Amino acid sequence: MSDIMERVVALTKRRGFIYPGSEIYGGLQATYDYGPMGVELKRLIKDDWWRDMVRDRENVVGLDASILMAAKVWEVSGHVGGFNDPMIDCKTCQGRFRADKLEQSKCLKKKKLSPLECGGDFTEPRQFNLMFSTKAGPVDDDAATVYLRPETAQGIFVNFKNVMDTARVKIPFGIAQVGKAFRNEIVTGGQIFRMREFEQMEMEFFCAPGSDEEWHEYWKAERLRWWRDLGVRAENIRMREHTPDELAHYARGCGDIEYKYPWGWDEVEGVANRTDYDLGKHQEGSGKGLAYRDDEKKEWVVPYVIEPSAGVDRCFLTILCDAYEEHEKPNGETRTVLHLHPRLAPVQVGVFPLVKKDGMPEKAEALYAELKKRFRCLYDKAGSIGKRYARLDEIGTPYCCTIDGDTATDGAVTVRHRDSLDQERVALDQVANYIADKMATWTR
Ligand code: ATP
């Protein structure tokens with residue numbers, strides 16, 4: 001792990017964003033739990049995606065399908081036979097690696113070297129299926145096998161007809177879903193970057209064959225816009241088109257949205273043209289019609305599908321990495337700040353009395369009660385003012401209001417800005433509107 005990544009990970013633990021899973025029992029590799037700050041940020045990310053992809057659009061509806069799905073779904077979709085990664089074993093260090101991601105792995109003996117550099121003795125690659133299976137019901141036989149979904153998309157495809165029949169939608173339209181997915185990854189790492197249990201935000205957009213390439217371009221642009229809207233800096237995010245040999249067998253094109261993580265550029269979202277592959281297969285496999293009536297052509301047509309698919313956890317890590325900054329203070333100490341977009345900040349406004357006397361706590365509590373009606377707020381009266389600012393800088397709080405000795409005479413508070421460190425005096429009855437204005441015009 002690079003130094004900067006280690007410091008981001010340390011901050012996530014120190015400030016209650018992310019804890020290692022099952023930690024008091026020594027941890028369970030590649031599982032992480034979201035703490036009080038983390039659960040807020042994660043929820044805000046998902047809500048923002050849902051607003052942008054569903055609520056603000058006329059032509060996208062939502063869905064929440066089961067995690068456990070019938071084995072047949074995954075046989076027909078090709079996952080039972082083909083959702084594999086190439087795996088190799090090292091006879092020298094006993095490590096097990098993903099053959100196509102060797103540069104991201106480390107030798108178990110020569111821990112600083114990747115398997116490309118350590119000179120180990122490797123087996124030939126063999127295919128390893130990434131799906132977790134389990135048994136449903138009390139009879140433990142093959143017929144009881146079910147799979148934990150490795151992507152949320154199939155839950156959407158198998159409900160395509162239900163939604164068409166009940167939601168008054170017409171091609172072109174989309175179905176969006178946010179939920180857990182599970183993959184028995186051979187190599188995990190980058191903290192929440194690659195885990196075995198994670199969350200996805202996926203939308204399947206159904207359109208007429210022939211219009212698919214135009215829609216693909218549209219969704220690639222829309223998704224990149226969302227990332228920029230969240231405040232992710234342009235120089236750190238890019239769209240990379242798949243080369244023909246990288247494309248999944250069913251895909252006609254795929255653009256990966258990549259972020260410049262501390263270890264280099266890596267995928268955070270894929271925007272794929274999945275053609276009519278999935279619906280076509282499920283129509284064949286289930287015997288149920290999954291076509292729509294094209295009134296002009298006067299025929300039944302299986303739609304093409306454009307899929308923007310983002311990982312919630314990777315999005316979380318991306319936002320943290322992009323927001324993280326260290327400054328050296330004049331006294332030589334380091335100030336760590338998260339420059340989160342105000343709409344993603346778990347705490348948007350901190351309210352403090354400068355000291356715990358002279359009526360300041362009462363005034364601060366009254367202001368806190370007022371501001372809480374409009375913003376996510378935190379009231380803190382303990383410790384030095386510097387420590388209180390430092391703590392809120394590390395959880396990305398953009399504005400702090402301090403009630404001081406002058407408040408009693410001038411009826412104003414000091415508003416301190418996380419990004420510029422400017423401090424301004426604002427009248428108590430104007431603070432809420434002042435902060436709302438600043439939030440609405442915030443840019444990175
Ligand atoms: P990778 O090659 O990095 O394993 P992928 O191409 O297999 O990813 P997709 O199948 O396109 O990933 O999944 C869509 C999104 O889901 C990814 O862009 C990523 O954000 C997220 N994702 C996939 N696998 C994981 C994982 N193991 N842990 C966390 N997020 C994941």
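Hydrogens, waters and symmetry mates play no part in the numbers below; they use all other heavy atoms, side chains included. These numbers were taken from a predicted model, which means no experiment stands behind them. When a ligand or atom number is given, it counts from 1 through the structure's own listing order.
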is_close_aromatic(F206, F160), centroid dist under 6.0 Å: yes
Cation-pi check, R238 onto W265 ring (under 6.0 Å, within 45° of axis): yes
Contact summary for P398 and Q348, nearest pair of heavy atoms: CD-O, 3.3 Å
Within-cut-off N or O pair, R196 and ligand 1, under 3.5 Å: no
Mutual orientation of the aromatic rings belonging to F316 and F17 [parallel < 30°, tilted 30-60°, perpendicular > 60°]: perpendicular
Ring-face cation contact, Y34 with K42, 6.0 Å cut, 45° max: yes
D313 near ligand 1 by a heavy-atom separation under 4.0 Å: no
N or O pair under 3.5 Å between M195 and ligand 1: yes
Aromatic plane relationship, W215 with F205 - under 30° parallel, 30 to 60° tilted, over 60° perpendicular: tilted
For ligand 1, the portion of M201 having any non-hydrogen atom under 4.0 Å away: neither
Short side-chain to backbone donor-acceptor contact, N129 and V80, under 3.5 Å: yes
Closest to atom 26 (C) of ligand 1 (judged by heavy-atom distance), picking from F316, F182, F198, F83: F198
Distance-only N or O hit between ligand 1 and G311, under 3.5 Å: yes
cation_pi(R416, Y389) dist<6.0 Å, angle<=45: yes
Ligand 1 contact by H242, heavy-atom criterion under 4.0 angstrom: no
Structural part of E151 in contact with ligand 1, heavy atom criterion under 4.0 angstrom: neither
Element-labelled atoms of ligand 1 that are located less than 4.0 Å from some non-hydrogen atom of E185: 24 (N), 26 (C), 27 (N)
Distance filter under 4.0 Å to K101 heavy atoms, resulting ligand 1 atoms: 2 (O)
Ligand 1 N/O within reach of E202 N/O, cut-off under 3.5 Å: no
Residue portion contacting ligand 1 (non-hydrogen atoms closer than 4.0 Å) for E269: backbone
Side chain, backbone, both or neither: V268 near ligand 1, heavy atoms under 4.0 Å: backbone
